[in-house]
K.L.:
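Below are the structure tokens for one structure; questions will follow.
Only heavy atoms go into these numbers, but all of them, side chains included; no hydrogens, no water, no symmetry mates. Computed from a predicted structure; not experimentally measured. Whatever order the structure lists them in is the order used to number ligands and atoms, beginning at 1.
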Amino acid sequence: MASKSIDNAFTSKAVRGAATDPTYAGALSFMRRQYSKVLEDVDAVVLGIPFDAAVSNRPGARFGPQAIRRASAIFDNDPQYPFARDLFEQMAVIDYGDVLLDYGNHQETPGLIEQEATKILASGAYLLGLGGDHFVTWPLLKAHAAKHGPLALVHFDAHQDTWDDDGKRIDHGSFVCRAVREGVIDPAHSIQIGIRTEAPEDFGIRILHGYTVEDLSAQQIADQILAHVGDRPAYLTFDIDCLDPAYAPGTGTPVAGGPSSAKMLAVLRKLGSLDIRGSDIVEVAPAYDHADITAIAGATVAMYMLGLRAERLAASR
Ligand SMILES: [Mn+2]
């Protein structure tokens with residue numbers, strides 16, 4: 001007990017090193033990272049985007065960032081499985097808090113998110129977004145593409161999100177259409193994993209449907225992603241409804257017949273050679289959750305995203 005401290009989110013002096021809060025107590029940030037708006041000498045930034053006005057069915061993902069931060073308390077100061085390391089030993093990570101959005105003025109939302117993301121990316125830090133519904137990926141992608149050019153999208157989801165978009169919609173089901181039309185993603189090297197609904201357009205994006213994911217091993221799925229994306233700059237977006245509702249009931253548009261969290265986490269673990277420039281986890285809606293199943297899955301996906309980043313940083317130093 002002597003080595004424990006509490007409330008690392010606001011008492012820590014450094015942005016490196018695992019926190020030692022008791023799992024069940026202390027101020028909640030993502031993985032107990034220091035809450036900070038200071039971007040100097042920071043390797044990665046966690047940003048909450050509490051927005052859910054673009055959903056086609058059940059709202060509630062505006063509570064996703066809070067739920068993911070709370071669930072992330074289960075990652076204590078032990079080395080994080082399966083990365084076998086303190087992710088924060090070499091990688092300086094802050095929790096930047098949330099984007100301030102006006103619930104009565106949704107047309108402003110994409111610009112406000114893009115503005116925050118652009119500011120963070122200008123510092124050179126890696127950005128991990130905590131949604132929010134899947135619309136939030138649009139302004140995040142736009143900010144990343146402005147810096148890196150068109151990105152190969154690695155998209156875990158039950159839905160293609162390619163519904164028609166006039167460039168102005170506030171819709172969580174059309175951001176991929178808009179990203180293709182505006183040249184923000186490179187459809188020929190983008191891939192969607194876990195799809196089990198039909199949209200009218202695929203823009204030539206490679207799709208691994210739910211039934212294909214069921215037949216393939218995690219290694220085979222990862223191999224297909226790695227071969228399709230190659231060494232191009234990539235953006236990783238994970239809609240928690242990629243998982244079967246058994247593993248992620250707390251989401252707005254659940255679809256049966258999806259993969260387990262174990263299988264998709266095993267796939268993510270194998271994507272370390274990708275040049276991932278940014279990532280997000282979206283659509284966690286805790287009001288429909290049970291026993292934090294979905295929040296824990298979402299927090300774990302986010303931890304893996306940081307784990308992959310930590311390994312890449314360690315290899316480059
Ligand atoms: Mn979806």
Side-chain angles (χ1 to χ4, degrees), residues 49-65 67-68 110 113 129-141 153-165 169-180 185 187 190-203 205-214 221 225 235-261 263-265 267-268 279-289 293-295 297-302 305:
I49 308 151
F51 177 77
D52 65 5
V55 297
S56 53
N57 189 22
R58 307 191 297 201
R62 70 179 61 184
F63 298 103
I68 292 168
I113 298 169
L130 309 179
D133 70 42
H134 221 157
F135 177 76
V136 308
T137 301
W138 160 246
L140 293 176
L141 270 176
L153 186 67
V154 180
H155 178 188
F156 291 81
D157 205 326
H159 311 89
Q160 294 166 261
D161 295 341
T162 53
W163 292 93
D164 191 34
D165 190 291
R169 288 183 67 72
I170 307 289
D171 182 341
H172 76 154
S174 65
F175 83 92
V176 173
C177 171
R178 194 185 298 187
V180 171
I185 65 171
S190 294
I191 184 164
Q192 299 178 318
I193 303 101
I195 303 299
R196 45 199 192 277
T197 49
E198 304 282 355
E201 182 62 74
D202 64 19
F203 298 108
I205 295 168
R206 170 78 65 83
I207 296 177
L208 300 182
H209 288 99
Y211 49 78
T212 306
V213 166
E214 174 69 8
I221 294 166
I225 297 169
Y235 186 91
L236 175 58
T237 183
F238 199 112
D239 184 328
I240 203 68
D241 72 28
C242 173
L243 306 181
D244 190 88
Y247 303 93
T251 193
T253 45
V255 184
S260 70
S261 49
K263 188 162 187 177
M264 289 301 98
L265 290 169
V267 171
L268 281 178
S279 57
D280 62 57
I281 167 76
V282 297
E283 300 280 0
V284 172
Y288 315 104
D289 210 1
I293 297 170
T294 316
T300 308
V301 167
M305 288 168 169

K.L.:
How many degrees, to 10°, between H159 ND1 and D241 OD1 as seen from the Mn ion (ligand 1)?
P.N.:
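Rounding to the nearest 10 degrees gives 90°.
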K.L.:
Is it true that some N/O/S atom of D157, main chain or side chain, lies under 2.8 Å from the Mn ion (ligand 1)?
P.N.:
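It does: D157 brings an N, O or S atom closer than 2.8 Å to the Mn ion (ligand 1).
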K.L.:
For the Mn ion (ligand 1), which N, O or S atom of D239 is at the shortest distance?
P.N.:
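Atom name of the closest N, O or S in D239: OD2.
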K.L.:
May I ask you to decide if the ring planes of F135 and F51 are parallel, tilted or perpendicular, using 30° and 60° as cut-offs?
P.N.:
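Plane angle between 30° and 60°, so tilted.
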K.L.:
Take H172 and V282, measure what side chain to side chain contact (heavy atoms under 4.5 Å, CB included) needs, and give me the verdict at the end.
P.N.:
CA-CA 10 Å; H172 76 154; V282 297; over 6 Å; no
K.L.:
Strictly under 2.8 Å, is the Mn ion (ligand 1) approached by any N, O or S atom of D161?
P.N.:
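Short answer: no, not a single N, O or S atom is under the cut-off.
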K.L.:
More than 12 heavy atoms of other residues, nucleotides or ligands under 6.0 Å from CD of E214: is that the case?
P.N.:
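Count not over threshold, so no.
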K.L.:
Can you check whether Y235 reaches T237 side chain to side chain, under 4.5 Å on heavy atoms?
P.N.:
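In contact.
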